[in-house]
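Scroll down for the structure; my scribbles are underneath it.
As the structure is a computational prediction, the values presented were derived from the model and not from experiment. Naming convention: chains lettered A, B, ... in sequence-line order (proteins, then strands); numbering from 1 in each chain.
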Amino acid sequence: MRYKLLRIMAYFVMPFLYMLLGYTLIYIAVLPAITSISSVMKVLTTADEPEIRQNIKTIYSPGEKETVSLQKSNPQEEVIEPRIITPEKQEKTPEQVSIAELQFPDLGMQYAVLSCDQIQLEVPVYWGDSKEILEVGVGQYVGSFLPGFKRSILISGHNNSYFNPLQFIETGDILVCDTNYGQYEYAVTTVTVMKAKDAAASLDGMLSIKKEKLILYTCYPFDTLPVNKENRLFVFADKISGPEVQ
Amino acid sequence: MEENKKNINIKIRKTTRRHISDFLSVLLSFLLSMVLVGLSLLMVLQYYCFQENAILRALSSSNYYKNSYTELVNRVTTATLPTGLPIELLQEVFRQDELEEDTVAYIEALFHDKGYLQDDVKIKTKLKASIDAFLDRQDGIEGIQLDKRINEYIDLLLIEYKKAVRLPLLDYFMKIRKEYQIIHFLGMSFCVSMIVLIIIILLKLNGWLHRSLRYIAYSTLASALMLGVVPILLLMSKSYNRLHLSPEVFNGFITRYIVDIAGAILKMSAGYAILSIVIILTGKGIKANLIKFYKLSKG
């Protein structure tokens with residue numbers, strides 16, 4: 001009986017011992033290459049499972065909105081004034097906002113919505129202007145300033161997608177930039193076409209303006225295959241309301 | 001007295017010979033298990049990893065074609081947006097089923113050692129027709145400059161399509177596959193000869209067939225364990241999910257491929273376990289017959 005039990009145990013113990021010895025020999029054989037293999041594996045792997053599809057994030061949280069269908073102003077028709085009601089925002093939108101309360105967006109984050117009821121424009125605004133961002137919205141040049149800082153805000157977008165309505169914009173139209181810390185309104189003062197290489201169209205020129213100006217720009221002309229991409233449509237708008245950042 | 005001494009000496013010699021033969025059998029059995037593991041890995045590489053069906057199966061089950069098509073659409077959209085052309089122009093030009101067909105054709109061409117020539121004419125024709133139809137609807141915009149830009153744009157889209165069709169690193173994979181054929185031939189020859197030699201020596205060393213089968217069973221069981229432990233640990237820990245390769249669609253395919261290979265090795269391990277049971281039962285049967293025969297011959 002004992003002999004039989006030993007025989008049966010041998011069918012477990014012996015293969016297990018062979019396995020241990022085998023792995024030991026394999027480990028000794030590959031030991032010289034282990035450092036290189038582990039360096040390669042560190043490059044190819046992450047500590048945790050990678051987020052394969054990282055969606056563009058948002059810190060923008062819109063309040064309740066009541067939108068009214070609008071048309072371009074026409075003396076023959078009744079003009080309906082735009083109304084955007086954001087009850088929570090109205091309580092939280094004083095004349096000033098402390099910089100400590102601001103949540104600065106990271107690159108690739110949505111932080112606002114830009115709208116203009118006169119031209120049916122309503123687009124998400126992202127921090128950064130990479131090609132990935134311009135596919136999903138309009139992007140702000142990171143060297144410019146956020147609304148409320150009394151400096152230039154440069155926002156770009158593709159002319160045949162999100163900024164397509166800009167072809168209808170006129171002086172006097174109101175652009176609304178709805179951020180997480182306040183709502184800003186800008187009145188369009190100038191709509192002009194310039195060559196991208198013009199000094200007036202340069203970033204340095206735009207950023208050196210010492211007052212709060214919303215500057216939108218996109219390729220020009222609209223809806224055609226341009227022979228060259230030299231021209232840009234610029235929309236300049238001055239601030240009319242919105243909290244200052246202290 | 002002298003006869004007793006003689007008998008004791010014979011017994012000691014027999015016992016020593018028996019111990020030596022047992023020790024050698026254990027060594028040979030261990031060697032056999034290592035050779036079996038090597039043989040199995042060579043077979044998995046040749047008859048699974050480097051087979052066209054394994055690649056195609058992993059591509060299907062990892063949704064590679066759908067993801068690759070989505071990536072292609074993203075890239076051509078990015079290329080189209082700055083031109084001012086509407087994205088709708090591309091709707092009927094790039095299709096998922098055509099991308100899948102072209103990818104499979106590319107893989108088959110590589111595996112059968114044929115050059116792959118992508119048929120650009122169809123896509124070029126469709127694109128040109130779409131763009132011309134669109135421009136006809138606009139105010140007349142003509143000129144050599146415009147034609148040049150259109151051709152540049154079409155070439156750019158064709159490059160993106162080619163990138164989508166060609167599975168990354170497949171060229172290197174095929175080179176490795178080619179080099180491996182020699183290793184496979186030599187490796188298999190060596191392993192098969194070693195297996196035959198070891199079994200013959202085991203039979204000669206032990207005399208009784210059921211004893212030799214016992215040692216062979218230890219080897220096959222050890223091979224089953226050695227082959228099975230790593231894939232089981234890999235599939236349980238899912239550490240292959242920490243792989244981070246680019247592009248993303250390729251990452252999904254490689255992960256799936258690794259899981260399939262681990263599955264194939266596990267099947268080999270299960271095969272060895274079943275073989276071990278067969279060998280053990282055969283050994284027991286042979287021993288039972290021997291005992292029966294011995295009892296019959298005695299009485």
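For CZ of F12(A), the number of neighbouring non-hydrogen atoms (other residues, nucleotides, ligands) closer than 6.0 Å is 12 at most. Within a 6.0 Å sphere centred on NZ of K124(B), other residues, nucleotides and ligands contribute 12 heavy atoms or fewer.
Both the backbone and the side chain of M226(B) come within less than 4.5 Å of a heavy atom in chain A.
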Exercise for the section: Would you check, one step at a time, whether the test side-chain contact (heavy atoms from CB on, under 4.5 Å) holds for Y218(B) with V13(A)? Expected result: CA-CA 9 Å; Y218(B) 294 157; V13(A) 171; over 6 Å; no

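Counting only heavy atoms from C-beta outward, the side chains of N74(B) and E132(A) never approach each other to under 4.5 Å.
Rounding to the nearest 0.5 Å gives a distance of 8.5 Å between CG of L221(B) and OH of Y11(A). The OG1 atom of T80(B) lies 10.0 Å from the CD atom of E135(A); values are rounded to the nearest 0.5 Å.
Judged as a side-chain hydrogen bond (donor to acceptor under 3.5 Å, both in side chains), not a single pair has a partner in residues 30-39 of chain A (not counting sequence neighbours).
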Pair up each side-chain donor or acceptor in residues 14-22 of chain A with any protein partner under 3.5 Å, not counting sequence neighbours, and list the distances.
residue : atom : partner : partner atom : Å
Y18(A)  : OH   : V26(B)  : O            : 3.3
Y18(A)  : OH   : S29(B)  : OG           : 3.0

